Amino acid sequence: MTINRRILTLDEFTIQQLRQFPSATGELSSLLRDIGLAAKRINVEVNKAGLVDILGDTGSINVQGEDVKKLDIYANNQFMGVLKHGISCAGVGSEELDDLVVFDDEVSNNSKYVVLFDPLDGSSNIDVNISIGTIFGVYRRVSELGKPCTEEDFLQPGVRQVAAGYVVYGSSTMLVYATRRGVNGFTLDPAIGEFCLSHPDIKCPPSGKLYSVNHGNFFQYEEGLRNYINACQRKDKTNGGPYSQRYVGSMVADVHRNLIKGGIFLYPGTIDKPGGKLRLMYECNPFAFMLEVAGGKATDGKQRILDIQPTELHQRTPLFIGSKNMMEELETYFKP
Ligand code: AHM
């Protein structure tokens with residue numbers, strides 16, 4: 001039997017990367033492997049979502065005699081479980097949990113990373129079979145090794161991430177992650193249960209023809225932004241307009257598409273919610289890191305997302321993210 005060596009699995013890829021740094025300890029590779037494992041487990045349950053009424057909903061007991069959890073709680077527990085039992089993570093913060101979780105044991109206290117994640121983003125789309133995702137950001141802790149991690153390890157600006165990524169559970173399941181060296185995408189091959197490198201060295205096209213925004217909130221947006229959205233629809237645009245509007249309502253799917261094809265995603269503040277809806281630590285920072293490594297940009301309309309100094313775990317921020325030239329055009333509409 002011949003083995004197709006053109007296929008590189010996630011584990012093989014991370015080990016290859018590791019070999020380029022003789023002093024590396026392998027902790028980050030191990031962490032990414034743990035995240036890949038959690039993603040595969042979540043993927044199995046996401047694929048069964050439509051069967052939930054047949055197999056049992058929240059609070060019921062499944063055939064193994066286990067409680068059947070809501071998918072987002074399930075995803076949260078899978079992520080926490082693999083990271084707690086791995087060797088690389090000292091603690092986590094999750095969009096599903098009020099407070100951060102410190103894994104206070106001997107191995108974890110000597111682990112150099114903490115992870116912030118949104119276990120299942122866009123979860124209102126689960127019931128209608130539309131793509132959803134998981135988002136994560138990895139930070140090197142700043143507190144002393146050998147002791148439990150602290151809040152200070154988590155409240156770091158996004159620019160200090162060492163890696164960030166997402167999993168999109170769509171027509172196929174993909175894990176995409178970035179380190180400072182580049183962004184790479186892996187598609188889950190269900191035949192062998194492995195994420196395989198399918199999108200090496202992803203670059204976000206500098207321009208695109210897609211814009212993604214919730215048009216229902218149009219009259220809640222500030223004037224400069226309304227002018228930009230109107231311009232997106234004009235044929236006389238110098239840079240190839242009009243653009244096509246694409247909005248899934250799952251950030252992972254929307255930004256993934258725009259990363260690959262070129263485009264811009266907008267989740268602004270509104271009159272009712274000036275701080276916007278999306279969470280800085282769990283959603284915006286990881287995507288801002290990935291898009292910047294891929295050549296794109298991300299701001300809150302005033303400053304770079306990655307430079308925002310967080311003051312609390314669950315803080316929200318407006319988000320504008322996408323292809324470099326489109327972002328630069330948008331910025332001209334915000335000028336005073
Ligand atoms: P969720 O965490 O409740 O799923 O909300 C996050 C989602 C994002 O994935 C998406 O971009 C946004 O909410 C859509 O919000 P809206 O329906 O207001 O446009």
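Just so it is clear, the values below take in all heavy atoms, side chains as well, and ignore hydrogens, waters and symmetry mates. On a predicted model such as this, the values are computed, not experimentally measured, just so you know. Ligands are counted one by one from 1 in listed order, and the atoms in each one are counted from 1 as well.
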Provide the number and element of each atom of ligand 1 under 4.0 Å from a heavy atom of [X].
X	value
Phe265	11 (O)
Ser250	9 (O)
Met251	8 (C), 9 (O), 10 (C), 11 (O)
Glu95	2 (O)

| request: Tell me yes or no: between the side chains of Gln233 and Tyr211, is some donor less than 3.5 Å from an acceptor? | output: yes

| Hey, are Asn258 and Ser212 close enough side-chain-wise for a donor-acceptor pair under 3.5 Å? | yes

Starting from [atom], locate the nearest protein heavy atom and write down its residue, its atom name and how far away it is, to 0.1 Å.
atom	answer
atom 18 (O) of ligand 1	Tyr267 OH, 2.7 Å
atom 12 (C) of ligand 1	Lys277 NZ, 3.8 Å
atom 4 (O) of ligand 1	Gly122 N, 2.8 Å
atom 6 (C) of ligand 1	Asp121 OD1, 3.5 Å
atom 10 (C) of ligand 1	Gly249 O, 3.4 Å
atom 19 (O) of ligand 1	Tyr247 OH, 2.5 Å

| task | Would you check the N or O atoms of Asp118, main chain and side chain alike, for any that come under 3.5 Å of an N or O of ligand 1? | result |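 No; every N/O pair is 3.5 Å or more apart.
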
| task | Check whether any N or O atom of Asn214, backbone or side chain, sits under 3.5 Å from an N or O atom of ligand 1, and answer yes or no. | result | yes

Quick one: closest heavy-atom pair of [X] and [Y], and the distance?
X	Y	result
Arg140	Gln156	O-NE2, 3.0 Å
Val183	Ala178	CG2-CB, 3.8 Å
Asn76	Ser94	OD1-OG, 2.6 Å

| For the residue pair Tyr247 and Phe265, does the interplanar ring angle fall in the parallel (under 30°), tilted (30 to 60°) or perpendicular (over 60°) class? | parallel

| field | Other residues, nucleotides, ligands: >12 heavy atoms within 6.0 Å of Lys84 NZ | value | yes

| request: Return the set of residues passing ring-ring contact (aromatic ring centres under 6.0 Å, His included) with Tyr221 (not counting sequence neighbours), or none when no residue passes. | output: none

